[in-house]
Amino acid sequence: MAAQELTGVRSPSAGEYDPHTLEPRWQAYWDEQRLHQVHEGGQRPKRYVLGMFPYPSGRLHMGHLRNYTLVDVVARYSRMRGYNVLNPMGWDAFGLPAENAAIQHGEHPARWTYGNIDVMRNQLKRLGISYDWSREIATCDPEYYRWNQWLFLLMYRRGLAYRAEARVNWCPACQTVLANEQVVGGECWRCHSRVEQRLLKQWFLRITAYAERLLQDLDLLEGWPERVKVMQRNWIGRSEGAQVRFRVKETGDELVVFTTRPDTLFGVTFMVLSPRHPLAQRLTEGTPQAQVVRRMAEQMTAREQELAELPKEGVPTGAHAINPVNGEAVPIWVGNYVLMEYGTGAIMGVPAHDQRDLEFARRYGLPVRIVIQGPGVPEDPARLERAYEEPGVMVNSGPFTGLPSEQGKRAVVEHLQAAGLGQPSVQYRLRDWLISRQRYWGTPIPIVYCARCGEQPVPEEELPVVLPAQVDFAPKGKPPLASSPEFLQARCPRCGSSAQRETDTMDTFVDSSWYFLRFCSPRESRLPFDREAVAYWMPVDQYIGGIEHAVLHLLYSRFFTKVLYDEGLVSFQEPFTRLFTQGMVTLGGYAMSKSRGNVVDPLDVVSRFGADTARLFILFAAPPEKDLEWSESGVEGAFRFLQRAYRLVDQWAPLLEGVEAYRSGDGQSLGERERALRRAVHRAVRKVTQDCEERFSFNTAIAALMEAVNELYRYREQVADQPHRGVIRESLELLTLCLAPFVPHIAEQMWERLGHAPSVHLQPWPAYDPQALEVEQVTVVVQVNGRVRDRITLPADASEEELRAA
RNA sequence: GCCGGCGUGGCGGAACGGCAGACGCGCUCGACUCAAAAUCGAGUGGGCAGCCCCCGUGUGGGUUCGAAUCCCACCGCCGGCACCA
């Protein structure tokens with residue numbers, strides 16, 4: 001084949017790679033053939049592949065492109081490997097932006113949301129992601145959110161949903177409360193406003209009841225990144241210790257503290273109460289300190305996030321506490337460094353062995369007593385520069401003196417327990433999940449309040465409690481739903497008299513805590529999901545999404561799954577067997593964001609280069625778990641590669657008509673060039689297989705395919721007149737099959753050009769030929785003392801002796 | 001402060017105990033062209049006129065015939081948690 005023929009016609013002429021006609025054509029074909037619709041059952045093993053479903057903001061961004069491209073590679077590869085693959089898509093459709101659109105532009109949230117969904121669905125289709133669109137769901141659909149209500153009632157019945165007055169996070173901009181998980185560094189996770197604290201009566205889900213299991217079962221998640229598990233462990237924050245009962249000398253009240261260091265109990269020289277501890281107020285009543293305590297309580301309420309920067313301060317209550325192990329009376333103080341939310345809201349002060357207590361003691365001239373001896377601990381407590389917090393040997397500790405601290409902890413707790421003065425205790429940092437939101441565009445909480453019967457769950461048969469269409473969207477200190485009289489009016493399910501509906505809606509994270517179950521049977525109308533379908537598809541085999549959900553969605557979903565397990569509705573305890581967290585897409589080193597103005601629209605890239613180029617670039621430019629810097633010239637490089645691959649097929653196709661692909665072992669002997677070509681191609685097949693199978697190393701898989709293409713060009717250059725058609729056909733077919741998961745449209749086109757009927761995506765994944773990989777000659781590098789001394793070329797089957805001899 | 005991760009050419013990255021820099025971007029040169037673009041080909045860590053030579057994977061040690069890779073210490077960057085008793 002003459003080289004001139006291969007060169008340059010610029011744009012859309014026959015034979016040139018033209019994604020703009022080719023991609024829509026194959027997308028339409030896949031749609032018509034319902035290629036990606038799946039059903040339960042059959043011979044093939046199932047594989048559930050899932051990307052975190054998007055919020056329908058209006059346009060896809062690069063994060064979506066990356067997420068869903070990764071999902072699609074796994075899905076398409078898995079299909080070729082013979083799996084029955086579930087790859088569904090839906091919309092996390094409730095949330096604040098829709099409501100803001102209503103307030104700002106007067107467009108109803110529902111209209112806005114469904115409009116966005118239509119746009120984004122088309123965008124996803126344009127990317128060629130192989131979804132089973134027949135399973136599409138939107139959480140704002142009453143047929144979806146009725147099951148949020150159903151699950152809420154299930155939790156309520158099990159004592160896991162409750163209403164309580166508590167200090168809660170309030171976002172002044174969003175005009176709603178937030179869960180602890182949604183406060184990041186003291187700011188609202190959505191709008192970054194400074195979060196305030198308010199005392200409100202709100203609905204909670206008792207996730208703390210599952211703290212231990214959520215922690216323990218992390219060990220089962222071998223397919224999760226360590227990073228995410230560590231973040232969840234930190235968030236749950238388990239610490240083991242003891243509760244110790246002190247008694248107030250003056251009043252006889254019991255004062256319980258939690259400590260992780262019972263071995264330091266003989267070192268207690270004072271007690272500190274949180275300003276909001278009930279005793280703090282009682283013990284100071286009528287004294288001049290009462291006002292200081294109130295002031296400190298307010299200060300802590302308003303600025304919990306900056307507490308750590310506040311200097312430690314306190315006031316004495318005048319009362320004393322009796323130490324249960326030695327009968328000593330120590331002064332009880334109120335201090336601004338003790339949190340009411342953790343432990344018992346009171347601590348024992350051991351200044352020698354806790355840095356915070358030491359700072360407090362030094363400030364107020366309280367005594368310091370050393371009870372743990374260790375390296376660097378001085379005799380004289382006055383010379384203690386920092387508290388000694390490491391383990392050591394107990395001293396000045398009565399009968400426990402001489403015990404190593406670990407052993408001492410157990411001994412002291414046993415002693416306390418025997419005397420009824422304390423017991424072992426485990427504390428968690430995790431708090432219950434606050435799910436009330438004072439917003440419109442969410443799931444109504446299915447509760448009514450009756451003057452006579454109090455709080456009553458809405459009976460299941462009355463679900464869904466539908467969102468009213470007409471409300472006042474602009475919040476004026478009360479939830480929008482309270483502005484709809486028709487909604488507000490209800491009947492008490494118990495006594496039938498008139499009652500009022502709950503007007504808060506649910507946190508949208510409730511919606512996403514079980515959507516993966518709904519995908520298994522999206523039209524099921526009697527239950528949130530069909531149990532058989534869930535038994536078949538679940539758990540999700542490969543979940544892919546961003547790291548930002550490490551302690552939000554991923555923790556909540558685990559919690560929901562465990563509740564459903566306890567209810568006997570599912571038979572697995574963890575929803576996601578394997579998790580992959582992708583890196584961000586950056587430009588100029590920063591995450592793309594509107595406010596920074598460094599956004600590249602993935603659909604712009606698609607309209608210029610096609611979906612395959614956009615996909616290829618984002619897969620190739622970095623390993624998927626790392627951040628990826630967007631590069632315009634990199635995109636062009638990806639396009640160039642596709643052109644090169646396409647040209648090979650297009651220009652060789654006429655020569656290959658009626659030619660069988662070469663198979664090794666069919667008796668033909670090949671020349672050195674053909675063997676070199678086959679070696680490169682089969683090496684690429686092996687590399688792509690390993691990279692898809694053993695790790696998510698798609699960047700190196702694509703690099704291997706680029707090498708194969710380079711090798712094909714080299715071959716063409718060398719054998720201009722005498723190409724081996726069988727080997728060329730074999731090579732091009734293998735190349736096409738291996739490209740299929742990454743760049744599905746061009747692969748389909750190449751497959752067709754090679755004379756095959758569609759679809760390439762229904763072909764089995766190719767096996768590499770081990771014979772092709774064999775080399776007759778190997779170059780052995782001889783190293784002496786770390787230096788390359790020589791290179792010897794030997795037959796590949798040379799024995800070790802021969803090698804030594806050489 | 002505690003926990004986790006990462007440091008490799010001009011850039012993204014590869015190799016993860018065996019020839020460091022695959023693949024791509026960028027750059028240089030050549031072919032084609034009146035010319036350019038596109039395409040095809042050659043080159044591209046530093047030193048050196050050049051090499052089969054010397055240096056080189058954050059820094060300093062160690063293990064090993066052999067270390068970017070394993071171990072120890074340090075430095076720097078990123079992320080999570082943080083007055084949680």
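All chains are named by letter (A, B, ...) in the order of the sequence lines, taking the proteins before the strands, and each is independently numbered beginning at 1.
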Open item on the list: Between A:Arg714 and A:Glu717 (salt bridge meaning N to carboxylate O under 4.0 Å), is one present in this structure?
Closed with: no
Task: Non-hydrogen side-chain atoms of A:Phe270 and A:Asp357 separated by less than 4.5 Å - done: yes
Open item on the list: Quick test of your reading of the model: are A:Glu707 and A:Arg683 salt-bridged, counting only N-O distances below 4.0 Å?
Closed with: no
TODO: Kindly point out which of B:rC40, B:rA85, B:rC81 is positioned nearest to the side chain of A:Phe258?
DONE: B:rA85
Task: Centroid separation A:Tyr590 to A:Trp630 less than 6.0 Å - done: no
Open item on the list: Between A:Arg295 and A:Glu313 (salt bridge meaning N to carboxylate O under 4.0 Å), is one present in this structure?
Closed with: yes
- [ ] Kindly indicate whether the side chain of A:Leu648, heavy atoms from C-beta on, has any atom under 4.5 Å from the side chain of A:Ile728.
- [x] no
Task: A:Ser633 side chain, from C-beta outward: closest of B:rC25, B:rA22, B:rC40 - done: B:rC25
Open item on the list: Rounded to whole Å, please give me the gap between CG in A:Leu218 and P in B:rC3.
Closed with: 18 Å
Task: Most 5' of A:Gly637 and A:Arg714 on RNA chain B, judged by nearest nucleotide - done: A:Gly637
Task: side-chain N/O A:Asn336 vs B:rC83 OP1/OP2, d < 4.0 Å - done: no
- [ ] Could you work out the separation of B:rC70 and B:rC25 based on their C1' atoms and round it to a whole Å?
- [x] 33 Å
Task: Residue A:Pro623, side-chain heavy atoms: nucleotide from B:rG13, B:rC23, B:rG4 that is nearest - done: B:rG13
Open item on the list: When the C1' atoms of B:rA82 and B:rA14 are compared, how many Å lie between them, rounded to an integer?
Closed with: 38 Å
Open item on the list: Students often get this wrong, so: under 4.0 angstrom with heavy atoms, is A:Glu707 touching a base, only sugar-phosphate, or nothing?
Closed with: sugar-phosphate
Open item on the list: Heavy atoms from C-beta onward define the side chain here; which of B:rU39, B:rA15, B:rC83 lies closest to that of A:Tyr337?
Closed with: B:rC83
- [ ] Name the closest nucleotide to the A:Tyr713 side chain, picking from B:rG26, B:rG41, B:rU39.
- [x] B:rG41
Open item on the list: Rounded to whole Å, please give me the gap between NZ in A:Lys626 and P in B:rC78.
Closed with: 15 Å
Open item on the list: Please determine whether a side-chain nitrogen of the Lys or Arg among A:Glu328 and A:Arg369 lies less than 4.0 Å from a carboxylate oxygen of the Asp or Glu.
Closed with: yes
Open item on the list: Stem finding on RNA chain B, please: runs of three or more consecutive Watson-Crick or G-U wobble pairs, both distances under 3.5 Å, sorted by first number.
Closed with: B:1-7 with B:75-81, B:10-12 with B:23-25, B:26-31 with B:39-44, B:45-47 with B:53-55, B:58-62 with B:70-74
Task: Span that lies between the P atom of B:rG26 and that of B:rA38, in whole angstrom - done: 10 Å
Open item on the list: So that I can tick it off, tell me whether A:Arg261 and A:Glu389 are bridged by a salt bridge, with the cut-off set at under 4.0 angstrom between side-chain N and carboxylate O.
Closed with: no
Task: ring-ring contact (aromatic ring centres under 6.0 Å, His included) partners for A:Phe204, two or more places apart - done: A:Tyr162
- [ ] Please determine, for the side chain of A:Ser239, which listed nucleotide (B:rA85, B:rG26, B:rA14) has the closest atom?
- [x] B:rA85
TODO: Using the P atoms only, state how far B:rC74 lies from B:rG80, rounded to an integer number of Å.
DONE: 25 Å
Open item on the list: In this structure, how many angstroms lie between the P atom of B:rG13 and the CD1 atom of A:Ile618, rounded?
Closed with: 14 Å
TODO: Specify the separation, in whole Å, of atom CZ of A:Arg227 and atom P of B:rC3.
DONE: 18 Å
Open item on the list: Under 4.0 Å, counting only non-hydrogen atoms across every strand here, what does A:Phe641 touch: a base, just sugar-phosphate, or nothing?
Closed with: nothing
- [ ] Answer yes if the side chains of A:Ser239 and A:Tyr342 hold a donor-acceptor pair under 3.5 Å, and no otherwise.
- [x] yes
Task: Rounded interatomic separation in angstrom, taking CD from A:Glu226 and P from B:rG80 - done: 17 Å
TODO: Could you check which of B:rG24, B:rC40, B:rA85 has an atom nearest any side-chain atom of A:Asn710?
DONE: B:rG24
- [ ] Report the nucleotide, chosen from B:rU39, B:rC40, B:rA85, that has the shortest atom-to-atom distance to any side-chain atom of A:Leu339.
- [x] B:rA85
TODO: Considering just the side-chain nitrogens and oxygens of A:Arg363, establish if one lies under 4.0 Å of OP1 or OP2 belonging to B:rC83.
DONE: no
Open item on the list: Determine whether a donor-acceptor pair (N or O, by modelled atom type, separation under 3.5 Å) exists between the side chain of A:Thr208 and the backbone of A:Asp432.
Closed with: no
- [ ] Pick the P atom in B:rG47 and in B:rG9, then give their distance to the nearest Å.
- [x] 15 Å
Task: Separation between the C1' atoms of B:rC77 and B:rG58, rounded to whole Å - done: 11 Å
- [ ] Could you check which of B:rC40, B:rC25, B:rG24 has an atom nearest any side-chain atom of A:Glu717?
- [x] B:rC40
Task: Minimum-distance nucleotide (side-chain atoms of A:Arg429 versus B:rC81, B:rA14, B:rC83) - done: B:rC81
- [ ] Answer with base, sugar-phosphate or nothing: what part of the nucleic acid does A:Arg233 contact at a heavy-atom distance below 4.0 Å?
- [x] nothing
- [ ] May I have the distance from A:Tyr17 (atom OH) to B:rA38 (atom C1'), rounded to whole angstrom?
- [x] 17 Å
TODO: May I ask you to evaluate whether A:Arg644 reaches the phosphate of B:rG24, defined as a side-chain N or O under 4.0 Å from OP1 or OP2?
DONE: no
Task: Earlier contact from the 5' end, RNA chain B, for A:Gly237 and A:Met231 - done: A:Met231
TODO: Report which part of the nucleic acid A:Asp357 touches: base, sugar-phosphate, or nothing (heavy-atom distance under 4.0 Å, all strands).
DONE: nothing
Task: Interatomic distance where OH belongs to A:Tyr646 and P belongs to B:rA38 [whole Å] - done: 21 Å
Open item on the list: Regarding A:Val338, tell me which of base, sugar-phosphate or nothing describes its non-hydrogen contacts under 4.0 Å with the strands shown.
Closed with: base
- [ ] Please work out whether B:rG7 sits syn or anti, treating a glycosidic angle within 90° of 0 as syn.
- [x] anti
- [ ] Please measure how far the P atom in B:rA20 lies from the corresponding atom in B:rU28, and state the result in whole Å.
- [x] 30 Å
TODO: Using a heavy-atom cut-off of under 4.0 Å over every strand shown, decide if A:Gly343 touches base, sugar-phosphate, or nothing.
DONE: nothing
- [ ] Quote, to the nearest angstrom, the P distance that separates B:rU44 from B:rA22.
- [x] 10 Å
Task: For atom CE of A:Met340 and atom C1' of B:rA85, their distance in whole Å - done: 14 Å
